[in-house]
Amino acid sequence: MSSEKETLHQQSIVIDGLQTCDWSRAIFEEMRDGGITAVNCASLLWENFREGIDYASQWRRFWRENDDLIRPVRTLADIHAAKAEQRTGIILGWQNTSPLEDKLEYVEIFKDLGVGVMQLTYNTQNYSGAGYLETRDSGLTGFGYEVLAEMNRVGVLCDLSHVGDRTSADVIAASRAPVCISHVLPRALKDVKRNKPDELLVGCAQGGGIIGISLFSPGLAAGNDATVEDYLDAMSYVIDLVGEDHVGIGTDFSQDRPRPGPWLLWANRDKGTARTLAPFGSAKINKPQGIARIREFPNLTNRMLARGWSETRVRKLLGENWLRVLGAAWQPGASGTPSLPLPQ
């Protein structure tokens, strides 16, 4: 990488919209080596309330034991501080609202504990709505409308990545704050259910939200043969669709989790214990060549610039767009439940 490209990467705010790694000091060192400013760390999938508390407690230990490498993030000021301190800011995230159980007031409790991003559902049905692998996507439930309103009120960013299409559309229509699809690929380039259709990507952007482009090779046209260029082709498609102000990075790195292995096999079972939902817990899945590990993040900047993308665009994609959306979503908003659709 030329010195000019190295300088751009080093100077930029770099935000990864989602990782689910087996957290360790080695991972945090790779984040530093990759020049990452902040990461949505969202390894919570099927946990209940008590286990959600345990996840928050685990991160307090990580911060104490690795405070030379990482720091907690609750506000945009924390992200800027992480950049200045040459540490990586950790945003606590969930990939399911299962820790809320059926208690609306738990949204605020977990916000107070530092949870800044909550994916509404993970793959299947919960109290709020349907995941993309549910046998019938019935949309946002009545309780789900209230959960969304409470997230808007206390300042939690709602994520729609593993959420069903109808439930996602309901959230986009009802949310008073921008939402994100933190780690996703366009269905128009590969017609698999995990990818999102154009209309949902456009709807997310029109509401001021952001689409984080994922490295998940089963969703890329080239599959396991994909390279960083295939990844950027997918990013380019979404930029052309929604504009460069609404696209970012959401790698979905699950680094140091063996495949097959107990965590990924658990992740791919409904509620962690029931039917196997997808083969991804045991199938061979490669990250795209050139961005296969966290430390290779600077390659993205290099290849973006090699495409002739302007420095302004590259800075937006690396992190400035995430900054804007996080700043908007983390502002406490108006209270009140969005209007529920009339019964049919």
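Quick caveat: nothing in here was measured; it's all calculated off a predicted structure.
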*asked:* For the aromatic rings, using the six-membered ring if either is Trp, is the centroid distance between Trp46 and Tyr122 under 6.0 Å?
replied: yes
*Got more than 12 heavy atoms from elsewhere within 6.0 Å of CD, Gln289?*
no
*Can you label the angle between the Trp63 ring and the Trp59 ring as parallel, tilted or perpendicular, going by 30° and 60°?*
tilted
*Geometric cation-pi criterion Arg313 and Trp309, 6.0 Å radius, 45° cone*: yes
*Go through the structure and list residues passing side chain to side chain donor-acceptor pair (under 3.5 Å) with Asp170, not counting sequence neighbours.*
none
*State, without any angle test, whether Asn268 and Thr276 hold a side-chain donor-acceptor pair at a distance under 3.5 Å.*
no
*Just say parallel, tilted or perpendicular for the rings of Phe280 and Phe216, cut-offs at 30° and 60°.*
perpendicular
_Run Gln125 and Ser138 through side-chain contact (heavy atoms from CB on, under 4.5 Å) and show every step you take._
CA-CA 9 Å; Gln125 184 79 35; Ser138 56; 4.1 Å; yes
*Quick one: which of Val163, Ile210, Leu160 gives a side-chain contact (heavy atoms from CB on, under 4.5 Å) with Val179?*
Leu160
_Residue that, paired with Pro178, satisfies side-chain contact (heavy atoms from CB on, under 4.5 Å) out of Asn152, Val325, Ile172_ = Val325
*Is there a donor in the side chain of His80 and an acceptor in the side chain of Glu85, or the other way round, less than 3.5 Å apart?*
no
*Test: Arg87 and Asp68 ion pair at under 4.0 Å*: no
*Residues in salt bridge (charged side-chain N to carboxylate O under 4.0 Å, His left out) with Asp198, at least two apart?*
none
*Checking salt bridge (Lys or Arg N to Asp or Glu O under 4.0 Å) for the pair Glu244/Lys316: CA distance, chi angles, key distance, verdict?*
CA-CA 7 Å; Glu244 66 183 36; Lys316 289 178 181 180; 3.0 Å; yes
*Apply salt bridge (Lys or Arg N to Asp or Glu O under 4.0 Å) to the pair Glu296 and Lys287, showing each step before the final yes or no.*
CA-CA 11 Å; Glu296 294 183 294; Lys287 286 291 188 284; over 6 Å; no
*Of the options Asp102, Thr97, Asn96, which is the one that meets Leu100 in a side-chain contact (heavy atoms from CB on, under 4.5 Å)?*
Thr97
*Without hydrogens or angle criteria, can the side chains of Asn66 and Arg25 be said to hold a donor-acceptor pair below 3.5 Å?*
yes
_Distance-only polar pair, side chains of Asp137 and Thr167, donor-acceptor under 3.5 Å_ = yes
*Indicate yes or no for a side-chain donor-acceptor contact from Arg194 to the backbone of Ser161 under 3.5 Å, with no hydrogens or angles considered.*
yes
*Compute whether any side-chain donor of one residue and acceptor of the other, for Asn126 and Thr121, lie under 3.5 angstrom apart.*
no
*Verify whether one side chain among Trp23 and Ser43 offers a donor that lies under 3.5 Å from an acceptor in the other.*
yes
What pairs of donor and acceptor atoms, side-chain ones from residues 103-115 against any protein atom, are under 3.5 angstrom apart with sequence neighbours left out?
from   : atom 1 : to     : atom 2 : distance (Å)
Glu108 : OE1    : Arg153 : NH2    : 3.1
Lys111 : NZ     : Gly155 : O      : 2.6

*Determine yes or no for a side-chain-to-main-chain donor-acceptor pair under 3.5 angstrom, with Asn40 supplying the side chain and Leu18 the backbone.*
no
*Give a yes or no on whether Glu51 atom CD has more than 12 heavy-atom contacts from other residues, nucleotides or ligands under 6.0 Å away.*
yes
_Tyr231: partners by ring pair (Phe, Tyr, Trp, His ring centres under 6.0 Å), with sequence neighbours left out_ = none
*For Asp22, which residues count as a salt bridge (charged side-chain N to carboxylate O under 4.0 Å, His left out) partner, sequence neighbours excluded?*
none
*Please confirm whether the backbone N or O of Ile27 pairs with a side-chain atom of Ser24, one donor and one acceptor, at under 3.5 Å?*
yes
_Under the rule for salt bridge (charged side-chain N to carboxylate O under 4.0 Å, His left out), what residues qualify as partners of Asp78, not counting sequence neighbours?_
Arg71
_Short side-chain donor-acceptor distance under 3.5 Å, His9 and Thr301_ = yes
*Asn286 and Ser217: side-chain donor and acceptor closer than 3.5 Å?*
no
*Answer yes or no: are there more than 12 heavy-atom neighbours, outside Arg275 itself, under 6.0 Å from its atom CZ?*
yes
_Would the distance check show the side chain of His246 and the main-chain N or O of Gly209 forming a donor-acceptor pair, the cut-off being under 3.5 Å?_
yes
